[in-house]
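Contents: one structure, followed by commentary.
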2 protein chains.
Amino acid sequence: MKLTSKGRYAVMALVDLARFNTINPVSLRDISLRQGISLDYLEQIFSKLRKKEIVQSVRGTQGGYILNKKAKEIKLINIFEAVDEKVKTVKCKKESKKGCNGKAIKCLTHNLWDELENHINNFFDKKSLDDLVKDNSERRV
Amino acid sequence: MKLTSKGRYAVMALVDLARFNTINPVSLRDISLRQGISLDYLEQIFSKLRKKEIVQSVRGTQGGYILNKKAKEIKLINIFEAVDEKVKTVKCKKESKKGCNGKAIKCLTHNLWDELENHINNFFDKKSLDDLVKDNSERRV
DNA sequence: TATAAACCCGACTAAAATAGTCAAGTATCT
DNA sequence: AGATACTTGACTATTTTAGTCGGGTTTATA
């Protein structure tokens, strides 16, 4: 399984975006400065987010990005999927001849990983961007 | 976060061991053959499991490993911890000056990762080796 | 007591993934 | 025209992973 910086950055950037999401687009430069994430890396990340229609881009001066849906409708699972952070447990491939062939002993952990994946995806499927924004603004009262 | 082959192998090997766990120790060679995991790699893994007192070794001919506790008392979390598969989300380090200093904007995802870690650890904390062994023998009825 | 089975241990390495950087654009506002 | 900001693709250093390898030590048994 993996859950790395790219996914974290994506979430951070989107929370930032959701917060400052007025009528005006938010530039990556601003996000970069506020969140301390390299501009180049942000560009990579937002390119993916745009392709998955999580954000919309506005080109030119005063341009930037805006959310493409309401923050409530953007689930964390969508974000992770967009930046290739599939919550994947390691599956059996090479061993298909030996441990995991459906017949003999069978991969002893197959069910376990499936169960775990569901468990985690369920977590990410419930949490929306909006939840995080709220969490965050509550904390600063 | 990571959850890789090493953790999966550890679990597979221990389920195997728990199943064949009679009075006699089970050799890594047998596990290697049954599960299709390289013997050398198994040795590495069992060295760690032994240090964390999850298994006991019996040296010499006819030697091998036995469980050090009842299968019911060995939780998956113990296994993953033993082989260094901490369920770790990526924390903020470098950014401590910028995004995550407790004052300014503060790392927008800190709470999220803590919550997720708890969620996953909770899962692994409930599942015991015994649960897996049972799952597995049920399936072969 | 020799031998073989099995554990023990540390160093090494190839391959993959990660976390970026860099360069050269294009679009749009003023 | 110029500045701002998005767009794209290639490149790269570092780290992690998934092992391998070579040398041990211990102990049952013939």
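So that the names make sense, note that chain A is the first sequence line, chain B the second, and so on, each numbered from 1.
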Quick one: does B/Asp16's side chain have a donor or acceptor within less than 3.5 Å of a partner on B/Ile31's backbone?
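Such a contact is absent between B/Asp16 side chain and B/Ile31 backbone.
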Look at the side-chain N and O atoms of [X] and state whether any lies under 4.0 Å from the OP1 or OP2 oxygen of [N].
{"X": "A/Ser38", "N": "C/dG20", "answer": "no"}
{"X": "B/Thr4", "N": "D/dA18", "answer": "yes"}
{"X": "B/Tyr41", "N": "D/dT17", "answer": "no"}

Taking atom [atom2] of [N] as reference, at what distance in whole Å does atom [atom1] of [X] sit?
{"X": "B/Ile31", "N": "C/dC7", "atom1": "CD1", "atom2": "C1'", "result": "12 Å"}
{"X": "B/Leu17", "N": "C/dA6", "atom1": "CG", "atom2": "P", "result": "14 Å"}
{"X": "A/Ile45", "N": "C/dT18", "atom1": "CD1", "atom2": "P", "result": "13 Å"}
{"X": "B/Leu49", "N": "C/dC9", "atom1": "CG", "atom2": "P", "result": "14 Å"}
{"X": "B/Leu42", "N": "C/dC8", "atom1": "CG", "atom2": "P", "result": "13 Å"}
{"X": "A/Gln35", "N": "C/dA19", "atom1": "CD", "atom2": "C1'", "result": "18 Å"}
{"X": "A/Gln56", "N": "C/dA27", "atom1": "CD", "atom2": "C1'", "result": "16 Å"}

Where at least one partner belongs to residues 55-72 of chain A, residue pairs that pass salt bridge (charged side-chain N to carboxylate O under 4.0 Å, His left out), sequence neighbours excluded:
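Every candidate salt bridge (charged side-chain N to carboxylate O under 4.0 Å, His left out) pair involving residues 55-72 of chain A fails, so no pair, neighbours aside, qualifies.
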If the condition is side chain to side chain donor-acceptor pair (under 3.5 Å), which residues does [X] pass it with, not counting sequence neighbours?
{"X": "B/Glu115", "result": "A/Lys127"}
{"X": "B/Lys48", "result": "B/Asp84"}
{"X": "A/Asp130", "result": "A/Lys134"}

Determine whether a donor-acceptor pair (one donor, one acceptor, N or O, separation below 3.5 Å) exists between the side chain of B/Thr61 and the base of D/dT29.
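There is none.
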Going 5' to 3' through nucleotides 6-15 of chain D and flagging B where a protein heavy-atom sits under 4.0 Å of the base, S where only the sugar-phosphate is that close, and - otherwise, we get BBB-B-----
ring-ring contact (aromatic ring centres under 6.0 Å, His included): which pairs involve residues 51-75 of chain B, sequence neighbours left out?
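Passing the test, one end in residues 51-75 of chain B: B/Phe46-B/Tyr65.
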